[in-house]
Trainee: 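Here you go, one structure.
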Amino acid sequence: MNRIGRTMLLAGAMAIALPLTCVAAGQETGGGGGGGAAASVQIPTVSQAMLNGAAKDNKNFLATNGNYDQTRFHPADGITTKNVKGLHVAWIFQTDVRESMETSPIVVNGVMYVTTSFDHLYALNAQTGEQLWHYKHDMGPITVYCCGPNNRGAAVLGDKVYLATLDSKLDAIDAKTGKLVWSSQIADPSLGYSETMAPTAVDGKILVGTNGGEYGIRGFVKAFDANDGKLLWTFDTIPENNSVGVWATKDATGRDMHRDIAAEKEALAKNGDPWKTLGGGVWQNPAVDLATKRIYFVVGNPSPDLDGSLRPGDNLYTDSLVSVDLDTGKLACHFQYIAHDLWDLDSTSPAVLVNVKDKDGKTVPGVMHAGKSGYIYVHDRKDCKLIRFSEPMVSQKERWVLPTPTTPEAGARMFPGANGGVEWSPMATNPGLSLAYAINLEQEMTYTVASAPYPEGKLWLGGAFTNVPGGVQAGNVTAVDYDTGKIKWQVKTPQPMIGGILATGGGVVFAGESNGWFKAYDANNGSILWKFQAGAGVNAPPSSYMVGGKQYIAVAAGGNVQVDSRRGNSILAFTLD
Amino acid sequence: MRRLSIPLALALTVLPFAAHAQSIEEKAQICTACHGENGVPLEQSLPVPVIWGQNLGYLFFQLRDFKSGARKNDQMTPIADGLEQSDLMALAQYFSKKPWPNLRQANPPASVAALAQRANKSVVCTSCHQEGFAGEGTQPRLAGQVRSYLEKTMTDFQSGARGNNPGMTDLMKSITEQEVAALAAYLAGM
């Protein structure tokens with residue numbers, strides 16, 4: 001229960017339902033050591049041109065998933081399959097917060113930005129690990145969120161660093177001083193809206209989705225003005241009074257979902273379209289197609305997660321790939337993976353833009369997503385149509401068996417378990433090899449259902465998913481050829497995987513595990529080339545960067561709430577001699 | 001739930017609330033009758049919870065729910081009726097800043113602790129109640145809470161007698177009576 005430095009219980013502003021406009025708060029950094037070092041490293045300004053060129057930038061790591069395509073492929077090739085066995089710790093930074101860490105380190109010209117649980121943000125010297133400044137978000141009294149007090153990272157643009165928070169705010173922090181410039185309220189936290197994602201910065205806009213599918217929200221993606229925090233547009237992931245769809249009976253892989261369409265239509269006639277509290281959070285960064293000015297993101301589960309009786313219809317656009325116009329937020333296309341989901345096997349791993357082969361072997365701009373269902377889906381970027389889905393990466397035993405009423409004894413058993421498949425963990429891609437790398441959970445869980453009306457800001461699962469005591473709890477790292485859908489290699493891990501993976505120009509793939517091991521794999525065949533024991537769950541996506549002519553790999557080791565791995569507080573940076 | 005002794009019950013009905021005249025400290029005095037002068041609940045065999053040092057958002061939500069009727073309790077409902085809306089957050093802040101008292105409740109035997117830990121692995125309580133069951137914001141601290149209160153609360157969620165969190169009801173329905181008792185003992189001893 002280490003909470004060194006936390007002062008959020010003494011927070012100033014106590015408003016509950018805050019107006020959805022900019023709040024020019026005067027809250028600031030928590031000081032901390034290392035102030036003197038600030039003078040020795042120049043904090044850079046980040047231009048849009050730099051962000052546009054991120055995929056080719058072998059020095060920096062400019063976005064949560066590397067670049068706007070979200071390939072998590074870093075082009076630096078100093079670290080190779082031959083020399084990675086010599087990788088060693090360069091430095092360790094121990095943050096003030098010993099709790100789940102999901103941050104993707106951002107690096108700009110030798111300055112690293114990392115975040116922690118409970119919304120702390122640090123600027124570090126990426127070469128030495130020394131702190132430049134420390135910002136602590138002034139947390140409001142009401143936070144309602146699922147799955148841990150996490151934060152997946154910052155976004156950088158211009159002279160500011162952007163952070164989205166558990167009490168549903170967007171903070172803009174001065175990159176040089178670590179002081180708050182403005183803070184906008186994104187949505188009402190007392191209704192279950194919160195943020196654990198990193199924002200995306202593009203074209204003068206800051207894009208954020210929202211948590212809350214466990215609380216009966218109405219999900220969205222919002223665009224805020226990067227300069228002053230004004231709301232520019234909102235895309236509601238649940239169309240008003242139009243969530244019913246086409247009454248699909250099969251999922252994207254063609255398996256029957258056992259829907260009782262007649263009963264659903266009866267419920268619809270009686271109670272109407274359930275759009276107001278239908279869920280549909282957007283957990284992570286959208287991919288940005290600069291050429292067409294469209295963004296691609298995936299939408300989370302319907303509310304309540306397990307009880308379909310209250311939400312007849314396909315529940316659009318939950319469990320879907322969605323594309324909207326970057327400038328206006330208008331819908332361009334969508335593809336729903338699972339209509340009327342009763343298993344929380346929703347879409348949380350971020351969309352990836354790569355060129356792919358279509359069904360005729362022609363190369364087209366594609367978009368991919370790795371689902372909690374355990375499949376990688378490959379689409380045509382133009383119209384979101386599905387080109388192919390991969391071989392399953394995890395067991396599909398009894399898939400789509402219906403949840404049974406909640407009691408301690410019973411419970412429908414099914415694979416995948418409710419965490420997946422692929423949870424929020426972003427994929428990595430090596431476009432040269434046509435390979436996508438995903439990390440999976442394989443957990444034996446039971447699914448049960450219990451109906452209750454909308455409880456206004458309280459947990460609303462509509463049942464329970466529980467781990468079967470003594471049941472399978474494992475994971476894997478899987479490489480899939482996205483032009484064929486075939487699994488190229490798979491390495492099983494002793495514990496469920498959640499966090500992230502990175503592919504590098506030297507042909508190495510890095511991923512951490514819940515048991516503290518951080519490993520390097522051969523991108524071609526999955527051989528384990530190097531490993532390091534971090535002492536806490538390595539459940540975060542790694543980054544890479546160069547400074548002083550050397551390539552580094554950085555990753556957070558803080559454990560994770562969902563798999564209850566050992567907690568820690570550290571950022572680790574590795575390099576070669 | 002056992003009724004409070006008569007003198008206390010009389011005291012509760014007699015104390016008026018003159019909202020604008022009283023400070024928060026004065027308004028909070030009524031709470032000490034059950035929740036204790038120094039945060040130690042008067043009768044630990046009665047399911048009266050520790051509120052000193054409880055998380056701010058959670059305290060606010062409970063006062064709000066008692067007032068709205070979303071959560072019902074013979075003792076708390078009339079008290080909440082007497083509070084102004086503006087008192088709720090102020091009282092929550094007041095009590096959240098106090099130190100959590102050490103009630104020195106016994107650690108359970110190893111077999112009971114093991115059953116509690118097994119239940120946590122199944123339902124993953126810590127995914128909301130955080131590591132060490134400290135809670136945060138609107139999620140309550142469970143560690144070191146009054147054992148009889150923990151047991152009653154989990155049982156009331158199971159039956160629906162406590163109706164202000166259907167998600168908790170779902171989760172409690174998926175564990176057994178023995179696991180409830182084991183969890184109560186385990187959490188109280190933390």
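The chains referred to below are lettered A, B, ... by the order of the sequence lines, with proteins before strands, and numbering in each begins at 1.
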Trainee: At a heavy-atom distance under 4.5 Å, which candidate from A/Ala452, A/Ala450, A/Gly470 has the highest pair count against chain B?
Mentor: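 Of the options given, most contacts go to A/Ala450.
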Trainee: Is the backbone N or O of A/Thr143 less than 3.5 Å from a side-chain atom of B/Thr138, with the two atoms forming a donor-acceptor pair by type?
Mentor: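 Yes, because the side chain of B/Thr138 sits within donor-acceptor range (under 3.5 Å) of the backbone of A/Thr143.
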Trainee: With chain A, which of B/Met172, B/Lys173, B/Gln158 has the greatest number of heavy-atom pairs at distances under 4.5 Å?
Mentor: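 So the answer, after comparing B/Met172, B/Lys173, B/Gln158, is B/Lys173.
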Trainee: Could you state the interatomic distance from OG1 (A/Thr466) to CD1 (B/Ile175), rounded to the nearest 0.5 Å?
Mentor: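 These two atoms lie 10.5 Å from each other.
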Trainee: Can you tell me how far apart CG (B/Asp65) and CD (A/Glu456) are? Round to the nearest 0.5 Å.
Mentor: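 Answer rounded to 0.5 Å: 9.0 Å.
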Trainee: What option among B/Leu171, B/Asn164, B/Asp170 has the most heavy-atom pairs under 4.5 Å with chain A?
Mentor: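 Answer, by heavy-atom pair count under 4.5 Å with chain A: B/Asp170.
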Trainee: Are B/Gln130 and A/Pro149 side-chain neighbours, meaning at least one heavy-atom pair lies under 4.5 Å?
Mentor: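 SC-SC contact between B/Gln130 and A/Pro149 confirmed.
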Trainee: Compare every heavy atom of A/Glu409 with every heavy atom of B/Thr176, then report the nearest pair and how far apart it is.
Mentor: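 Looking at all heavy atoms of both residues, the shortest contact is CG2-OE2, 4.5 Å.
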Trainee: Among A/Pro469, A/Gly457, A/Pro455, which residue forms the greatest number of heavy-atom pairs with chain B at distances under 4.5 Å?
Mentor: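 Greatest number of close heavy-atom pairs with chain B: A/Pro469.
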Trainee: Can you confirm whether B/Gln117 is buried at CD, in the sense that more than 12 heavy atoms of other residues, nucleotides or ligands lie under 6.0 Å from that atom?
Mentor: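 Counting other residues, nucleotides and ligands, CD of B/Gln117 exceeds 12 neighbours.
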Trainee: Above 12 or not: heavy atoms from other molecules or residues under 6.0 Å from CD of B/Glu25?
Mentor: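 Yes, CD of B/Glu25 has more than 12 neighbouring heavy atoms, counting only those of other groups under 6.0 Å.
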Trainee: Closest approach of A/Ile142 and B/Gly57, non-hydrogen atoms and distance?
Mentor: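 Here A/Ile142 and B/Gly57 meet closest at CD1-CA, 4.2 Å.
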Trainee: If I compare all heavy atoms of A/Pro453 with all of B/Pro166, which pair ends up nearest, and what's the gap?
Mentor: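 Here A/Pro453 and B/Pro166 meet closest at O-CG, 4.3 Å.
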Trainee: Mind checking the CD-OG spacing from B/Glu131 to A/Ser117? Nearest 0.5 Å is all I need.
Mentor: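 Output value for this atom pair is 10.5 Å.
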Trainee: When you look at B/Asn120 and A/Asp564, which way does the side chain to side chain contact (heavy atoms under 4.5 Å, CB included) test go after all the steps?
Mentor: CA-CA 10 Å; B/Asn120 179 48; A/Asp564 205 12; 4.1 Å; yes
Trainee: Please classify the contact between B/Gln139 and chain A as side chain, backbone, both or neither, with a heavy-atom cut-off of under 4.5 Å.
Mentor: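 Looking at B/Gln139, just its side chain touches chain A.
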Trainee: Judged by atom type as modelled, is there a donor-acceptor pair below 3.5 Å linking the side chain of B/Ser122 to the main-chain atoms of A/Asn467?
Mentor: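 A pair under 3.5 Å: yes.
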Trainee: Go through the atoms of A/Gln473 and report whether side chain, backbone, both or neither lie under 4.5 Å from a heavy atom of chain B.
Mentor: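 It is neither, since no heavy atom gets under 4.5 Å.
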Trainee: Quick one: what part of B/Lys121 sits under 4.5 Å from any heavy atom of chain A, side chain, backbone, both or neither?
Mentor: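 For B/Lys121, the backbone is the part near chain A, not the side chain.
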Trainee: Is the shortest side-chain heavy-atom distance between A/Lys458 and B/Met168 below 4.5 Å?
Mentor: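 Result no, sub-4.5 Å side-chain heavy-atom pair not found.
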